[in-house]
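Structure first, then comments.
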Number of protein chains: 2
Amino acid sequence: MAISERKKKILAAVVDAYIQTAEPVGSKTLAQNACLGCSSATIRNELAELVNLGYLEQPHTSAGRVPTPMGYRLYVNELMEKQKLSIEETEDINRRLNQKLQELDDTIGNVSRLASQLTDYPALALTTQTAVTIKRFDIIYVDANTFILVLMLANNAVRNKLVHLPFSVDQNMIQRLSALFNASFTGIAEDEITPLLISSTERAANDSMGLTSVIAAFALEVLGESAAPAAFVSGENRLLGQPEFRDVDKAHRLMSYLTGGGHILPAAESFGTGEEVRVLIGPENVAEELKDSSVVIASYDAGDNTRGLIGVIGPTRMDYSAVAAKLGLLAAGLSRRLGGGEAPPPGVNNKLIIKGDDSNDR
Amino acid sequence: MAISERKKKILAAVVDAYIQTAEPVGSKTLAQNACLGCSSATIRNELAELVNLGYLEQPHTSAGRVPTPMGYRLYVNELMEKQKLSIEETEDINRRLNQKLQELDDTIGNVSRLASQLTDYPALALTTQTAVTIKRFDIIYVDANTFILVLMLANNAVRNKLVHLPFSVDQNMIQRLSALFNASFTGIAEDEITPLLISSTERAANDSMGLTSVIAAFALEVLGESAAPAAFVSGENRLLGQPEFRDVDKAHRLMSYLTGGGHILPAAESFGTGEEVRVLIGPENVAEELKDSSVVIASYDAGDNTRGLIGVIGPTRMDYSAVAAKLGLLAAGLSRRLGGGEAPPPGVNNKLIIKGDDSNDR
DNA sequence: TATTAGCACTCGAAGAACGAGAGTGCCAAC
DNA sequence: GTTGGCACTCTCGTTCTTCGAGTGCTAATA
């Protein structure tokens, strides 16, 4: 059921206005501000039809119109002008990206903070990691009671741990253990580190003090931690700036939901591999708590087998265009920096495919 | 100007009731619930005097009474019964502390999260670090283009960094650099790592490829990062659960302030060295944004020259007793685990000195 | 046939009026 | 010094009213 060009134009105008003002838009305002070349009466007729078609709705009989999720969907898919970020903005994002990533290596937190700052909505970043293995095992002897474990993972992350013992070990033992672990603990997955393997290593090392199990425990811990998808949410408080969250309870509910960030994962299930930006509008979200909010998600290549996700959460009345553009750029920048592939030309990367989930349009 | 015992008892009852209900307390309720052995009329007289003395106030003529900051101050200093945590609670805190600290070594974030969970108020944790030095320098040779830097600091923190080079180095060079750095870069402070030192090391190592400066840069980065006070706020959204923050704008202001956690530092200036718990009530706070909230702060020994701070933020109508008890226990537990001193006996540690800032009582 | 002007109608938001109830202050009695 | 009693005050929630924005419909117009 294709709708006329004019209807589309009017719908776009309604959404644009509503995004800006958060107030239902009336025919008069529309006739004045959007240059549609027809009178308010005509617009009224069109609006009434758009309501019938399900793209708009009225909070009450004598109020203006507000987009429905379906209206937003059409807007996002076809109508909104893909916002081109200015060169300055692009450069700003890239600059901040560089800065942030150097500052600390706790990247995922930084990515989410940055996304939140740029868009002024709460943002979350998460990574899913496919099974990681250990690439290298080093033990640094500090003194008779102390050593440092250094683990290098297949994805090139390096983890360390200082171990302090209540008894002494000699340097030979340390060397022996190091060799043994490098021989039998590298290249295997978490579930291959069995009690059997540990005890046989223990025997081989002639270790009667339980060192082997300390080291193995650390290995397990690191692998477990790296395999677990990590999530980081920031800028929750920005929600309170939005008029739709004047209701404290509503805001509280969503914020609590966000703070336990992992929950968002179901939404991320259908992980995109491309670099498109995806928009989930209101009821399209699986999570009950998000049913009247929208989420914009971009995914990026975070290096060896790892994909990262950046998401921005806001009211359905969200500035989709701007958020999508910024998030796309951010994701592209991250892929460029972290991804395994060769770096693309450093020019402005504005190619942005907005793809949504049409499945529940009826 | 000492006030009578009965007045104190009544004041305490008012504060207790108000903390629980968040509603102004009237003479009748007081006569019924608190066992004061006198009628509501008598209480009314006493209440009127307490208002005159400045310990209570009335939101309007025909409402109950609400404590003033001065009233809270007296309550905190003298009246409130120091809450003894039950054995179960104590053990729960200790257990969670152990768990949290093992889970990740990003301790400060965990401390703040834990404090927030325990008290159900937003919490922040911060550390100030006095100059840290490097204790040990290791370089692990991975392959011709790659090595891992491992730095152990005087406070026993270990940091690492994977370095990937666009050219090859041989293992000898790595060894030479490692020895040189251990000889001349350990035990010195950040500002002693001068360009001069770097270039002389570079010459000594016969390094023409700039490796020395890469390593030195990392050392500087780590030292800088460790010296900078780090702050971490969590549980901001719990504010919204408090009736005094039904006003979205008020909540938003405070939450934004909290999110930029570093600002809190001025309040922490007068860093306690003891293990007492300190309470700052409403206007006693320096920061404008906290003028009608209260902060409970505990400090702990975080190992070599480092002190950490845990703070909990809430409305002035805060459950000071419970929060102080929990925070004190948390701080004690942290000191025990992180501090340099020998571990105190593992029994229940309930000794809790509440000390406030009396300076602006008039 | 599509568009427009005009007009009666609807419905929510904001304000005014009002009664109920909680709590006070004061007074006289104990 | 304490208590019961009572008139008074002020907020809160309810109801009623008004105001105005915005609609839907109809008849006139291009």
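This is a predicted model, so every value here is computed, not measured. Convention: sequence-line order gives letters A, B, ...; per-chain numbering from 1.
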Pick from Tyr72(A), Tyr320(A), Tyr121(A): which one makes a side chain to side chain donor-acceptor pair (under 3.5 Å) with Ser294(A)? Tyr320(A)
Rounding to a whole Å, what distance do you find between Gln58(B):CD and dA22(C):C1'? 12 Å
Could you tell me the separation between the CZ atom of Arg65(B) and the C1' atom of dT24(C), rounded to a whole number of Å? 7 Å
Ignoring hydrogens, what is the shortest heavy-atom contact between Glu284(B) and Arg73(B)? Give both atom names and the distance. OE1-NH1, 2.5 Å
Does a sphere of radius 6.0 Å around CD in Gln20(B) hold more than 12 heavy atoms from other residues, nucleotides or ligands, not counting ones at 6.0 Å or beyond? no
d(CD, Glu57(B); C1', dT24(C)) in whole Å: 16 Å
Rounded to whole Å, the CG-P distance (Leu47(B) to dC26(C)) equals 14 Å
Report all interatomic pairs (protein N or O, nucleotide N or O of nucleotides 1-7 of chain D) with separations under 3.5 Å.
| unit_1 | atom_1 | unit_2 | atom_2 | d |
| --- | --- | --- | --- | --- |
| dT2(D) | OP1 | Arg6(B) | NH1 | 2.9 |
| dT2(D) | OP2 | Arg6(B) | NH2 | 3.1 |
| dT3(D) | OP2 | Ser39(B) | N | 2.9 |
| dT3(D) | OP2 | Ser39(B) | OG | 3.3 |
| dT3(D) | OP2 | Thr42(B) | OG1 | 2.3 |
| dT3(D) | O5' | Ser39(B) | OG | 3.4 |
| dG5(D) | O6 | Arg44(B) | NH2 | 2.9 |

Please check this pair: side chain of Ser293(B) against backbone of Pro315(B), looking for a donor-acceptor N/O pair closer than 3.5 Å. no
Measure the CG-CG distance between Leu50(B) and Asn45(B) for me, rounded to the nearest 0.5 Å. 11.0 Å
Between dT23(D) (C1') and Leu56(A) (CG): distance, integer Å: 14 Å
Provide, to the nearest angstrom, the distance between the CD atom belonging to Glu23(B) and the C1' atom belonging to dC12(D). 12 Å
Separation of Arg253(A) CZ from Leu240(B) CG (nearest 0.5 Å): 11.5 Å
Euclidean distance, atom CG of residue Leu30(A) to atom P of dT3(C) [Å, nearest integer]: 15 Å
Pair Arg246(A) + Asp249(B), salt bridge at N-O below 4.0 Å: yes
Please list, pair by pair, any protein nitrogen or oxygen found under 3.5 Å from a nitrogen or oxygen in nucleotides 10-14 of chain C.
| unit_1 | atom_1 | unit_2 | atom_2 | d |
| --- | --- | --- | --- | --- |
| dT10(C) | O2 | Ser62(A) | OG | 3.3 |
| dC11(C) | O2 | Ser62(A) | OG | 3.1 |

Evaluate the side-chain proximity of Leu118(B) to Leu329(B): yes if any heavy-atom separation is below 4.5 Å, no if none is. no
Residue pairs passing the salt bridge (Lys or Arg N to Asp or Glu O under 4.0 Å) test with at least one member in residues 19-48 of chain A, sequence neighbours excluded, are Arg6(A)-Glu46(A), Lys7(A)-Glu46(A)
Would you mind reading off the distance between Gln32(A) atom CD and dT4(C) atom P, rounded to a whole angstrom? 15 Å
